[in-house]
Amino acid sequence: IRLLTPAVERINVEACFYLTDASIAAVAENCPMLSELVARACGDLTDASIAVVARTCLTKLDVRDTQVTDVSIAAVARNCTKLTELRVDNPGGNDTHISDASIAAVAKSCSSLTSLDVGHCRHLTDASIAAVAENCRNLTRLYVASCGLAALPENIGKLSKLKVLFAQCNKLEVLPRSIVELDAMCRLQMKRNPLEMPPIEVVQEGIPAIRRHLLEEEFEEFDDGET
């Protein structure tokens with residue numbers, strides 16, 4: 001790694017299980033032009049190295065299944081304002097303590113974000129997702145599966161460019177009405193939620209089906225009021 005030239009912009013060390021913080025810190029020191037780092041499943045990596053990497057001009061960071069926390073993600077928010085892709089999904093089950101604080105900070109600082117993957121980050125609530133919807137209008141992919149979310153934010157419909165919304169395995173019972181404002185072709189994945197409104201079978205058919213269902217509900221309510 002120390003032989004890398006300063007001109008290197010992209011590095012992929014996915015599943016290099018024995019990679020250490022010292023190695024990644026050396027990458028950051030030797031490669032000031034680094035813009036993309038994929039370090040998925042490098043289980044020994046911590047905030048110590050990622051905070052150093054955050055001093056570069058990152059546009060893409062993939063630290064899924066590592067030991068990063070709010071500390072280094074907040075550093076990314078402060079320094080990497082041109083970030084377009086952030087992946088901190090934690091399917092390995094490590095309790096990495098990535099919370100609303102750092103994800104909201106990313107949302108407010110990185111308005112160019114197009115892809116956000118925070119699956120299995122169980123300290124999140126809809127507050128940080130609301131910050132994303134408010135500030136990251138170019139987002140096309142949002143992955144919030146298995147976060148324990150009880151709700152999606154009311155402003156989710158502001159993500160008009162969204163093409164993929166994965167929110168399976170949460171605690172969602174009701175979807176916000178603004179979800180019908182998403183692109184008609186947006187791919188929804190809501191399985192394994194206790195959805196009541198709209199019913200899961202409607203949601204699985206996509207945004208147009210949800211729109212029709214809500215219109216039908218409104219007509220029924222209107223008819224009931226007239227009688």
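Being a predicted model, the structure only gives us computed values, none of them experimental.
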Pairwise ring pair (Phe, Tyr, Trp, His ring centres under 6.0 Å) hits with a residue in residues 160-203, at least two apart
Y143-F166
Pairs in or reaching into residues 39-80: which pass ring pair (Phe, Tyr, Trp, His ring centres under 6.0 Å), with residues at least two apart or in two chains?
none
Give every residue pair that meets the ring pair (Phe, Tyr, Trp, His ring centres under 6.0 Å) criterion with at least one member in residues 4-43, sequence neighbours excluded.
none
Under the side chain to side chain donor-acceptor pair (under 3.5 Å) rule, what pairs show up with a residue in residues 182-193, not counting sequence neighbours?
K163-D183
Pairs where residues 41-51 contributes a residue and the test side chain to side chain donor-acceptor pair (under 3.5 Å) is met, not counting sequence neighbours:
D21-T46, D21-S49, D47-T69, D47-S72
Student check: side-chain heavy atoms of I210 and V203 closer than 4.5 Å
yes
Interatomic distance, R122 atom CZ to S146 atom OG [nearest 0.5 angstrom]
6.5 Å
Under a 4.5 Å cut-off applied to non-hydrogen side-chain atoms, are I24 and L19 in contact?
yes
Under a single-linkage definition using a 4.5 Å side-chain heavy-atom cutoff for Ile, Leu, Val, Met, Phe, Trp and Tyr, are L165 and L214 assigned to the same hydrophobic cluster?
yes
List the atom of I156, the atom of A133, and the distance in Å for their closest heavy-atom pair.
CA-CB, 4.2 Å
Selection residues 167-187 - residue pairs positive for ring pair (Phe, Tyr, Trp, His ring centres under 6.0 Å), sequence neighbours left out:
none
Just by distance, do the side chain of E14 and the backbone of A41 share a donor-acceptor pair under 3.5 Å?
no
Donor-acceptor contacts under 3.5 Å from residues 105-114 side chains, at least two apart:
| from | atom 1 | to | atom 2 | distance (Å) |
| --- | --- | --- | --- | --- |
| S109 | OG | A77 | O | 3.4 |
| S109 | OG | A105 | O | 3.2 |
| T114 | OG1 | T84 | O | 3.1 |

Pairing residues for T20 by the side-chain hydrogen bond (donor to acceptor under 3.5 Å, both in side chains) criterion, not counting sequence neighbours:
S23
Do N155 side-chain atoms and A130 backbone N/O form a donor-acceptor pair below 3.5 Å?
yes
Under the side-chain hydrogen bond (donor to acceptor under 3.5 Å, both in side chains) rule, collect the residues that match up with R40, sequence neighbours excluded.
none
Contacts of A150 that satisfy side-chain contact (heavy atoms from CB on, under 4.5 Å) - sequence neighbours left out:
none
Output all residues satisfying salt bridge (Lys or Arg N to Asp or Glu O under 4.0 Å) with K60, sequence neighbours left out; order by chain, then residue number.
none
Pairs flagged by salt bridge (charged side-chain N to carboxylate O under 4.0 Å, His left out) wherever residues 78-87 is involved - sequence neighbours left out
R87-D117
